[in-house]
Asks: 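Please find one structure pasted underneath; my questions will follow.
Just so we're clear, the structure is a prediction, and the values are computed from it rather than from any experiment. Counting from 1, the numbers follow the sequence of the chain as shown.
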Amino acid sequence: MMSKIFLKILFITIFLLNSFLLLEASTDGSQIELNVNYCNHDNICNPLEDFLSCPSDCFSSCNNNICEIGENSNNCPNDCSTVIVPVNKGVSSGSYIFAENFFRNLMVEVGPNKAIVRWDSSVLSSATLKWGTTGDYKDGVIRNINFLLNHKIEINNLKEGTVYYFNIQAEDLSKRSRLIENQTFQTLSLPDTKPPGNPTDVFATSVIPGINISWINPKEKDFDYIRVIKNKERYYGDPFKGEVVYEGRGIYFTDNDVFVGKKYYYSLFSRDKIGNYSSGSLVSIIYDISNKDKIEIILPSEDKIEILKENYIIKQGLMSYDFKIGDIFSLDGDNSFSIKTDYNSQNKDDDLWVEIKNKEKNTIIKYFFYKTKDVDGFFEAIIPPLLNEGYYNVSIHRYQDGIDRTINQGAFYVKNIIKEKLDYHSLYLLLFIILISTLFFGLLFIFLRKIFKKSN
């Protein structure tokens with residue numbers, strides 16, 4: 001009895017399974033289009049292969065001396081000769097699979113802001129190059145859709161002195177592709193031509209051993225040392241003209257080779273580690289130990305001011321002003337500014353400098369103009385922030401035929417805003433403290449109230 005029941009169950013199961021399979025075949029099987037590709041890429045045109053399904057094995061013709069689609073140096077050597085490219089060792093980095101001669105003689109020519117990637121292939125191929133500052137290659141992509149043997153891709157707008165990663169994916173006419181990964185190059189660094197800042201707070205005093213000169217070194221990271229040049233007849237805006245009396249990273253120097261009643265001119269230049277010199281700070285003094293704090297300050301009279309023959313500009317941030325005789329300018333004392341001129345000396349010994357005095361008529365800054373033009377074609381003197389509020393006198397001098405001449409004169413009114421910024425910061429901090437305190441005491445009150453209710 002049990003065997004009959006088992007046979008019936010087995011028969012019913014087989015019947016249902018067969019019906020299910022027939023149903024599947026009748027519904028889905030008719031919609032499937034089976035495509036079979038017999039191309040095995042063995043460079044032999046087999047009976048089941050043709051030019052459309054397998055162009056790499058079945059070429060159209062091989063007797064017209066033209067390398068056509070589907071022909072290559074293996075299946076049609078008479079029409080497609082092998083391109084022989086000398087191996088250039090050591091021109092690429094990284095690792096890649098060298099197959100089918102897609103990449104040969106890979107080379108990168110680099111500059112500060114661009115790179116040219118070159119390579120050759122023995123088969124006609126297109127290429128896609130991706131690059132970036134990391135191995136994700138997210139900075140850019142260039143696609144060359146032309147099928148070439150000699151490849152060249154130029155990448156522009158790169159950062160100087162930066163390592164870049166790149167990969168290249170090539171594809172031939174048969175849609176076969178190869179990829180090289182983890183290639184790198186580094187762009188060149190532009191030469192450092194930016195000079196360091198001038199030494200500041202330059203003072204000269206007469207002491208019994210001689211003339212003591214003090215200053216503050218610039219804060220640039222590449223600052224190297226200070227050079228002090230001494231002259232007896234005038235200033236020179238040249239770090240190589242005159243007697244070098246000091247070189248070092250100190251902040252003062254005493255010149256013992258001086259005589260009472262004699263006037264001495266000192267030019268102080270800061271130098272960076274590349275070899276760039278600042279425009280130069282100036283100070284002069286008559287050695288007089290009877291009044292050791294007496295510093296000579298040139299106070300030009302109005303009748304010595306020449307008629308301006310050139311343009312002068314005051315520039316701070318985005319603001320720019322024409323600087324005429326007698327002008328007064330309002331400046332931000334928290335930021336540096338520059339004085340520019342298009343004055344062009346015909347004599348190599350003609351030096352130009354700016355002198356700034358405080359309201360007590362003490363010279364606080366005396367800087368040479370740089371002897372090279374900036375990007376705007378002007379000669380420039382860069383002035384550090386004037387930290388004290390109030391009025392300052394400014395005059396521009398030049399040596400012409402060995403004579404000190406004043407060629408422009410005006411004034412600055414300096415307003416400092418750092419204090420105002422600090423006041424705002426203090427106000428924000430006070431409001432934050434009040435907010436946190438209110439929140440704390442509010443939560444404390446709620447907590448104590450709950451405890452009080454539970455206790456009752």
Side-chain angles (χ1 to χ4, degrees), residues 90-93 107-118 131-134 139-140 152-166 183-200 215-229 236-242 244 246-249 267-282 313 315-318 320 335-345 348-354 367-384:
V91 297
S92 63
S93 61
M107 179 173 58
V108 182
E109 301 172 11
V110 295
N113 304 113
K114 74 173 184 177
I116 300 175
V117 183
R118 302 176 188 268
W131 74 91
T133 53
T134 66
D139 285 17
K152 172 186 174 183
I153 294 181
E154 183 171 330
I155 311 172
N156 294 300
N157 301 320
L158 301 177
K159 299 176 182 178
E160 55 137 339
T162 304
V163 174
Y164 283 90
Y165 299 81
F166 72 96
Q183 305 299 298
T184 62
F185 64 85
Q186 183 171 356
T187 54
L188 300 179
S189 296
L190 291 171
D192 180 11
T193 59
K194 183 180 179 180
N198 282 310
T200 57
W215 62 87
I216 295 178
N217 291 327
K219 300 184 182 302
E220 281 88 345
K221 293 182 179 179
D222 61 346
F223 165 70
D224 194 8
Y225 61 80
I226 297 293
R227 169 176 286 189
V228 180
I229 300 291
Y236 283 99
D238 188 336
F240 303 99
K241 195 159 190 176
V244 179
Y246 174 82
E247 276 190 347
R249 298 174 62 88
S267 302
L268 289 76
F269 302 91
S270 55
R271 181 188 185 274
D272 63 20
K273 294 179 180 179
I274 301 297
N276 300 309
Y277 283 92
S278 66
S279 65
S281 300
L282 299 78
I313 298 172
K315 186 174 179 60
Q316 186 177 55
L318 300 176
S320 183
N335 295 300
S336 61
F337 62 96
S338 64
I339 303 176
K340 296 186 174 187
T341 179
D342 58 1
Y343 166 73
N344 197 0
S345 174
K348 65 178 182 179
D349 288 332
D350 287 357
D351 286 311
L352 197 70
W353 74 90
V354 59
Y367 287 171
F368 280 113
F369 282 75
Y370 286 103
K371 290 183 177 291
T372 55
K373 294 181 179 180
D374 62 10
V375 294
D376 299 322
F378 282 79
F379 297 98
E380 184 178 34
I382 301 176
I383 312 300

Asks: In Å, rounded to the nearest 0.5 Å, how long is the span from OG of S281 to CD1 of I226?
Replies: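 So the gap between those two atoms works out to 8.0 Å.
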Asks: How far does OH of Y236 sit from CG of L282, to the nearest 0.5 angstrom?
Replies: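 Reported value, rounded in 0.5 Å steps: 13.0 Å.
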Asks: When the ring planes of F166 and F185 are compared, do they come out parallel, tilted or perpendicular, using 30° and 60° as the limits?
Replies: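 Tilted.
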Asks: Have a look at Y246 and tell me which of F269, W215, Y225 forms a ring-ring contact (aromatic ring centres under 6.0 Å, His included) with it.
Replies: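 Result: among F269, W215, Y225, W215 is the only option passing the ring-ring contact (aromatic ring centres under 6.0 Å, His included) with Y246.
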Asks: So, N198 versus S279: side-chain donor-acceptor pair below 3.5 Å or not?
Replies: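 Their side chains do contain a donor-acceptor pair, which is all the 3.5 Å distance test asks for.
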Asks: Do Y277 and F240 have side chains that get closer than 4.5 Å, going by heavy atoms?
Replies: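 Of all side-chain heavy-atom pairs linking F240 with Y277, at least one is under 4.5 Å.
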Asks: Among residues at least two apart in sequence or on other chains, which ones pass salt bridge (charged side-chain N to carboxylate O under 4.0 Å, His left out) with D224?
Replies: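 For D224, the residues satisfying salt bridge (charged side-chain N to carboxylate O under 4.0 Å, His left out) (neighbours in sequence not counted) are R271.
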Asks: Please find the pair of heavy atoms, one from P218 and one from S270, that lie closest to each other, and give the distance.
Replies: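 Nearest pair, atom of P218 first, then S270: CG-CB, 3.8 Å.
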Asks: Closer than 3.5 angstrom, by distance alone: can the side chain of D192 be matched with the main-chain N or O of K194 as a donor-acceptor pair?
Replies: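 Yes, D192 side chain to K194 backbone: donor-acceptor pair under 3.5 Å.
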Asks: Taking only residues at least two apart or on different chains, which pairs with a member in residues 372-382 satisfy side-chain hydrogen bond (donor to acceptor under 3.5 Å, both in side chains)?
Replies: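 Output for this query lists S338-E380, K340-D374, K340-D376.
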Asks: Between R249 and F223, is there a donor-acceptor pair closer than 3.5 Å when you use the side chain of the first and the backbone of the second?
Replies: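 At least one qualifying donor-acceptor pair exists.
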Asks: If you draw a 6.0 Å radius around NZ in K159, do more than 12 non-hydrogen atoms from other residues or ligands fall strictly inside?
Replies: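 Open: at most 12 neighbouring heavy atoms sit under 6.0 Å from NZ of K159.
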Asks: To the nearest 0.5 angstrom, please state how far the OG atom of S336 sits from the CD atom of Q316.
Replies: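 Going from the OG atom of S336 to the CD atom of Q316 covers 7.5 Å.
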Asks: Salt bridge check, D351 against K371: does any charged N sit closer than 4.0 Å to a carboxylate O?
Replies: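 Counted as a salt bridge, because a side-chain N and a carboxylate O are separated by less than 4.0 Å.
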Asks: Is there side-chain contact between K241 and I229, with heavy atoms separated by less than 4.5 Å?
Replies: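 Contact flag for K241/I229 side chains = no.
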Asks: How about T162 and T133: do any of their side-chain heavy atoms sit closer than 4.5 Å?
Replies: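 Yes. Closest side-chain heavy atoms under 4.5 Å.
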Asks: Please list, chain by chain and in numerical order, all residues satisfying side chain to side chain contact (heavy atoms under 4.5 Å, CB included) with N156, sequence neighbours excluded.
Replies: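 Listed in chain order: K114, E154.
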Asks: Answer yes or no: is there a side-chain heavy-atom contact under 4.5 Å between I116 and I153?
Replies: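 A side-chain contact is absent here, since even the closest heavy-atom pair is not under 4.5 Å.
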Asks: As an exercise, state the distance from OG1 of T200 to CD1 of I383, rounded to the nearest 0.5 Å.
Replies: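 Going from OG1 on T200 over to CD1 on I383, the span is 11.5 Å.
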Asks: Keeping N113 on the side-chain end and L158 on the backbone end, is there a donor-acceptor pair under 3.5 Å?
Replies: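 Answer holds: yes.
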Asks: Do the side chains of P199 and S278 get nearer than 4.5 Å, heavy atoms only?
Replies: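 Counting from C-beta outward, S278 and P199 do come under 4.5 Å.
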Asks: Indicate the atoms forming the closest heavy-atom contact of I313 with S320, along with that distance.
Replies: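 Closest heavy-atom pair between I313 and S320: CG2-OG, 3.2 Å.
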Asks: Yes or no on side-chain contact (heavy atoms from CB on, under 4.5 Å) for T341 and L352, after CA distance, side-chain angles and deciding distance?
Replies: CA-CA 10 Å; T341 179; L352 197 70; 3.6 Å; yes
Asks: Could you give the distance from CD1 (I382) to CZ (F337), rounded to the nearest 0.5 Å?
Replies: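 Rounded to the nearest 0.5 Å, the CD1-CZ separation comes to 11.0 Å.
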Asks: State, yes or no, whether a side-chain contact exists between Y367 and P384 at a heavy-atom distance under 4.5 Å.
Replies: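 Counting from C-beta outward, Y367 and P384 do come under 4.5 Å.
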Asks: Once rounded to the nearest 0.5 Å, what's the spacing between atom CG of D342 and atom CZ of F379?
Replies: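 D342 atom CG to F379 atom CZ measures 9.0 Å (nearest 0.5 Å).
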Asks: Minimum heavy-atom separation for Y370 and P196, please, with both atom names.
Replies: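 Taking Y370 first and P196 second, the nearest heavy atoms are OH-O, 3.5 Å.
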